[in-house]
**Student:** 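Okay, here's the structure, questions in a sec.
By convention in this document, chain letters (A, B, ...) are assigned in the order of the sequence lines, proteins followed by strands, and residues within each chain are numbered from 1.
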Amino acid sequence: MTKRELAKVYNPQEVEDKWYEYWLKNGYFYAKVNPDKKPYTIVMPPPNITGVLTLGHVLNNTIQDIYIRWKRMQGYEACWIPGTDHAGIATQNVVEKAIAKEGLRREDLGREKFLERVWQWKEEYGNTIIKQLKKLGVSCDWKRERFTMDEGLSNAVKEVFIRLYEKGLIYRGKYIVNWCPRCHTALADDEVEHKEQSGKLWYIKYPIENSEEFITVATTRPETMLGDTAVAVNPKDERYKHLIGKFAILPLVGRRLPIISDESVDMEFGTGAVKVTPAHDPNDYLLAIKHNLEFIVVMDTYAKMNENVPEKYRFIDRYEARKEVVKDLEAYGYLAKVEDYTHAVGRCYRCDTVIEPYLSDQWFVKMKPLAEKALQVVLDGQIKFYPERWVKVYEHWMRNVRDWCISRQIWWGHRIPVYYCDDCGEIMVEREEPKSCKKCGSTKIRQDEDVLDTWFSSWLWPFSTLNWPDDNADLRYFYPTDLLVTGPDIIFFWVARMIMAGLEFMGKIPFREVYFTSIIRDEFGRKMSKSLGNSPDPLDVIQEYGADALRFTIVYLAPLGQDILFSTKKCEIGRNFANKIWNAGRFLIMNLDEVEYKEEMKFNYLDIADKWILSELNKTIKELNHALETYRINDATRTIYDFLWHDFCDWYLEIIKDRIYSPESKDEKIAVLSRAVYIFETALKLLHPFMPFITEEIWQNLRDRKEGASIMIEPFPTVDEKWINDEISKNMKFIQDIIVAVRSIRGEMNIPHTKFCDVIINTSNNDRKDLVNEYVSYIKRLARVQNVTVSSGIKRPKFSASAVVSGDEIFVPLEGLIDLEIERKRLEKEIKRYETMLSETERKLSDQNFINRAPSDVIERERQKYENFKLTLEKLRQNYAYLIE
RNA sequence: GGGCGGUUAGCUCAGUUGGUUCAGAGCGCCACCCUUACAAGGUGGAGGUCAGAGGUUCGAAUCCUCUACCGCCCACCA
């Protein structure tokens, strides 16, 4: 289409896909080892293959893309490595649900066939989120895309397991773990979510052997009493001292329970006596080891009661059993009382099922030795957190770190590389499956059934994606990575463990800076969730507003460390902004139809407005870079938004219209337009990391580009200090203030836009007189003025409105138009404003403490203010007096 | 029980080192305008005791303490 046919309204749907294809085709996203450039690396937090794009991903990946594009334009070898996570439990659950529709359970298929189905599912749907991400415009190096279960990463996982095992940092043991009866697997401590819930506290009387006495215990899980093997009291507790060493008889079961004493028992809680269920409670487990108690497992892996309980409770669900036990206790008179009780219940983070503490064999990683160094590098600033406050959270966790349960009783994941000899029991930890037992030569070898926690592969992500453990050029060049962008909710799951792994296996930190993103909530502050249905589909938002608008809006709304309240409607901010710059571009393109852009003329015919906008532009570059360097991304968006909309469009483009429509020479027109194009292009480059599509579209249309040119590989603008000029700003501000003052009068007097007025400026300052004379055309155009008179000693014309700017009087004659009442009020308001400001500075200046203690420049400024206010006030009062006489 | 964050205009929120006209923006509202880039726009306007109380300071939205309310995280009180 020809330039003139550009649509009046920007239509993102027409251009976004086109440019993404173009960038891909030209290979601009690819990174390679380049000794002439410094690397800048980001690894993408790999989304789950089960995932669909959420606003959380949008925020996260927009931020990463902003940094990658910014650094790429700054001349770094920018490498952004994408990928996906196999998400063990989540994916297995999804596929189980899918086969359930065919009436199948995974056991029906068997391990091998089931895994085939999972891979099939992965091939079909596993890349959904990646495809969706591309709509956002992310500039990842897709040649480097990885998957946590691909061959290279699987090798890395094995390697790490073996190294840690050989170092004695991985061990197997019987422990109480968090068991999800639904997912049928153990969970790590941090995979359990504690949620407040109202329940009951049951008080149960246990008879004392050979006595009429009872000891009463309290519990929230009465069904576990069937597995009790002791009762514990505090040794200092006078109420129970006489019972220590005796036995209680477990109701419904009849077992003899020793009554033991232990400091850990809280005398204040409940009755002060605790039932001890070693196989089903982590505290009780510790107690049992200490006191050498019996362990009785009373549930199976589906949380049904097992054969170790009296017959009538066998094989029924835990909650069914709870009802029965309570009913029976009551019937036999063992139930002392029931209280309402609110407590935190652990739930599976994947399926929300209440977890059951469960005694089983699991694999663990010893965390203490890994945690120490990992804490140190954050405390001493080698790794910086933004916002910094997360350091404290991190520190607390690292100091209290507990061993990490890494085995999962599911099928989808990295199989644990441990082999058992069925004949002699030898345990072999090997890269390849051994043919025979190393010890006894038996061929009855069996691999551990369990798989590894998903995070056991993710924690290697910053270097496994660069083909570790191979020592290779990419790894040496791109590692350590520079920036990690992630949510604070996975600081322990992932961030902490990556730091540990980086230090342990690479001997270097995995990343230098960590940006913790905001949590996105809906407009009422509620978390986005599927069940509430308050989570907009980003693809719909992109369809409606455009990817640029979504990107811009979401980071505009996301101050560092603050939650953001999002609603689709807010994307109007970004859409309107896109449309604004689209039209600015259209304006320039339309005018460029008549003259050519001339690079070498862009600084010719400079006047005050040109110098002013160049000054503002360079300030903007400075501020924007600084904001990005300090991760105040929303500040960066505001800076470029204000510059483009207010400085460039509202003021500058309006001002140069005179020189475009009626230039003194053709050269002047060329110079002015070339300059406007140059400034606009520079601003587009600044904006490009935030809004890649529209900036490319406009940039390509502004003038002829070579095949393969792209704004995304243009150098990022740098500051040229010589343009930053406060004197120019001050003078320009004077002109602007006159315009604003006249507009204000016009506005309040309701003078129609079509009607021109005259302006009379009374000033005795020659510099300002010259300024006005020189730039009178700006005042005329921007304030809709016919004649401007500037002189000293001018009397206020009758029937005129007035204002004071920099101590100079401005009169707008309004014969027949002026509403004296309005003007009176306007002046009164203005007088009052100045009176307040004057009295405030007066108060300060008469305060001896202020004079004695404040720095001299502050005092000097205050004095100037005082003079200025006084003068202005005088004139305002004079004019007011004329008005009412 | 411990820790963290928030409270600024009707709504959503900025406000970096305490000090220039610092009390701001966007949306909404009111008025005038389809002015040859843009009505997804322009110009002007109304609107706030910066949650409350105390303190530090010549000076506080900004620093300190306490209080209230909202939200989050951590913790084995059965």
**Student:** For the C1' atoms, the ones on B:C73 and on B:C11, what distance do you get once it is rounded to whole angstrom?
**Tutor:** 29 Å
**Student:** Which is true for A:E654 with a 4.0 Å heavy-atom rule: it touches a base, it touches only sugar-phosphate, or it touches nothing?
**Tutor:** base
**Student:** For B:G41, does either OP1 or OP2 sit under 4.0 Å from a side-chain N or O belonging to A:N576?
**Tutor:** yes
**Student:** Compare the minimum distances between each of B:A78, B:A46, B:G42 and the side chain of A:D650, then state the nucleotide with the smallest one.
**Tutor:** B:G42
**Student:** Roughly, in whole Å, what's the span from CG in A:L653 to P in B:A37?
**Tutor:** 10 Å
**Student:** Select base, sugar-phosphate, or nothing to describe what A:P752 touches, counting heavy atoms under 4.0 Å on all strands.
**Tutor:** sugar-phosphate
**Student:** If you only use heavy atoms from C-beta on, which nucleotide in B:C76, B:C74, B:A78 is closest to the side chain of A:F269?
**Tutor:** B:A78
**Student:** Can you measure from CE (A:M691) to OH (A:Y641) and round to the nearest 0.5 angstrom?
**Tutor:** 10.0 Å
**Student:** Quick one: label A:R743 by what it contacts on the DNA or RNA (base, sugar-phosphate, nothing), any heavy atom closer than 4.0 Å.
**Tutor:** sugar-phosphate
**Student:** For A:Y341 and for A:N750, find the nucleotide of RNA chain B with the closest heavy atom, then tell me which residue's nucleotide is more 5'.
**Tutor:** A:N750
**Student:** What is the separation between atom CG on A:N625 and atom P on B:U16, rounded to the nearest whole Å?
**Tutor:** 20 Å
**Student:** Between P on B:A78 and CG on A:L226, what's the gap in Å once rounded to a whole number?
**Tutor:** 20 Å
**Student:** Would you kindly check if the NZ (Lys) or CZ (Arg) of A:R347 is within the cone defined by 45 degrees around the ring axis of A:W179 and under 6.0 Å from the six-membered ring centre?
**Tutor:** no
**Student:** Hey, which of these two, A:A218 or A:D847, hits RNA chain B nearer its 5' end, going by closest nucleotide?
**Tutor:** A:D847
**Student:** Is the number of heavy atoms from other residues, nucleotides or ligands under 6.0 Å of A:K870 NZ greater than 12?
**Tutor:** no
**Student:** Between B:C27, B:G19, B:U16, which one does the side chain of A:K569 approach most closely?
**Tutor:** B:C27
**Student:** Rounded to the Å, how far apart are A:D237 CG and B:A78 P?
**Tutor:** 18 Å
**Student:** Quick one: the side chain of A:R638 and the base of B:A14, do they pair up donor-acceptor inside 3.5 Å?
**Tutor:** no
**Student:** For the residue pair A:K275 / A:T277, report whether a side-chain donor-acceptor contact shorter than 3.5 Å exists.
**Tutor:** yes
**Student:** Base, sugar-phosphate, or nothing: which does A:K755 touch, judged by heavy atoms less than 4.0 Å apart?
**Tutor:** nothing
**Student:** Rounding to an integer number of angstrom, what distance separates B:G45 and B:G19 when you compare their P atoms?
**Tutor:** 26 Å
**Student:** Nearest to the A:N579 side chain among B:A40, B:A37, B:A78, which nucleotide is it?
**Tutor:** B:A40
**Student:** Does any N or O in the side chain of A:D847 come within less than 3.5 Å of the main-chain N or O of A:R843, such that one atom is a donor and the other an acceptor?
**Tutor:** no
**Student:** Go through the N and O atoms of the side chain of A:R632 and the base of B:U16, and report whether any donor-acceptor pair is under 3.5 Å.
**Tutor:** yes
**Student:** Any base atoms under 4.0 Å from A:E572, or only sugar-phosphate, or nothing? Heavy atoms, all strands.
**Tutor:** nothing
**Student:** For the side chain of A:K580, starting at C-beta, report the closest nucleotide among B:G5, B:A78, B:A37.
**Tutor:** B:A37
**Student:** Using ring centroids (six-membered ring only for Trp), state whether A:Y386 and A:F516 fall under 6.0 Å.
**Tutor:** no
**Student:** Given pairs defined as Watson-Crick or G-U wobble with both distances under 3.5 Å, what dot-bracket annotation applies to RNA chain B, with ( ) intrastrand, [ ] crossing, | other strand and . unpaired?
**Tutor:** (((((((..((((.....[....)))).(((((.......))))).....(((((..]....))))))))))))....
**Student:** How close or far is atom C1' of B:U43 from atom NZ of A:K780, stated in whole angstroms?
**Tutor:** 21 Å
**Student:** Taking the same atom, C1', in B:C77 and in B:C4, what whole-Å distance lies between them?
**Tutor:** 23 Å
**Student:** Aromatic rings A:F680 and A:F648: how do their planes relate, parallel, tilted or perpendicular, breaks at 30° and 60°?
**Tutor:** parallel
**Student:** Determine the interatomic distance between P on B:U16 and the same-named atom on B:G24; round to the nearest Å.
**Tutor:** 15 Å
**Student:** What nucleotide, of B:A14, B:C4, B:A78, holds the atom closest to the side chain of A:N634?
**Tutor:** B:A14
**Student:** Indicate whether the side chain of A:S806 and that of A:K733 have a donor and an acceptor atom separated by less than 3.5 Å.
**Tutor:** no
**Student:** In whole angstrom, give me the gap between the P atoms of B:A9 and B:G15.
**Tutor:** 15 Å
**Student:** B:G19, B:C4, B:A14: which one has an atom nearest the side-chain heavy atoms of A:R861?
**Tutor:** B:G19
**Student:** Determine the interatomic distance between P on B:C72 and the same-named atom on B:C30; round to the nearest Å.
**Tutor:** 37 Å
**Student:** Please test A:Y394 against A:W390 for ring-ring contact (aromatic ring centres under 6.0 Å, His included), starting from the C-alpha separation and ending with a verdict.
**Tutor:** CA-CA 6 Å; A:Y394 178 81; A:W390 292 107; over 10 Å; no
**Student:** Specify the separation, in whole Å, of atom CD1 of A:I656 and atom C1' of B:A37.
**Tutor:** 11 Å
**Student:** Of the non-hydrogen atoms in A:A636 and A:A627, which two are nearest, and what is the gap between them?
**Tutor:** N-CB, 3.7 Å
**Student:** Distance check, C1' atoms only: B:G10 and B:G47, in whole angstrom units.
**Tutor:** 9 Å
**Student:** Among residues at least two apart in sequence or on other chains, which ones pass side chain to side chain contact (heavy atoms under 4.5 Å, CB included) with A:R784?
**Tutor:** A:R746, A:H753, A:F756
**Student:** Base of B:A40, side chain of A:K8 - is there a donor-acceptor contact under 3.5 Å?
**Tutor:** no
**Student:** Considering only B:A37, B:U20, B:G44, which nucleotide approaches the side chain of A:V740 most closely?
**Tutor:** B:G44
**Student:** Closest approach to the side chain of A:Y556, judged atom by atom: which nucleotide of B:C38, B:A25, B:A40 is it?
**Tutor:** B:A25
**Student:** Between P on B:C33 and CD1 on A:I751, what's the gap in Å once rounded to a whole number?
**Tutor:** 12 Å
**Student:** With a 4.0 Å cut-off on heavy atoms, is A:P855 in touch with a base, just the backbone sugar-phosphate, or nothing at all?
**Tutor:** base
**Student:** So A:F869, base contact, sugar-phosphate only, or nothing? Heavy-atom distance under 4.0 Å.
**Tutor:** base
**Student:** Please report the distance, rounded to the nearest Å, between CH2 in A:W645 and C1' in B:C38.
**Tutor:** 9 Å
**Student:** Contact class for A:R833 (heavy atom, under 4.0 Å): base, sugar-phosphate, or nothing?
**Tutor:** base
**Student:** Any base atoms under 4.0 Å from A:K657, or only sugar-phosphate, or nothing? Heavy atoms, all strands.
**Tutor:** base
**Student:** Which whole number of Å gives the distance between the P atom of B:U62 and that of B:A51?
**Tutor:** 8 Å
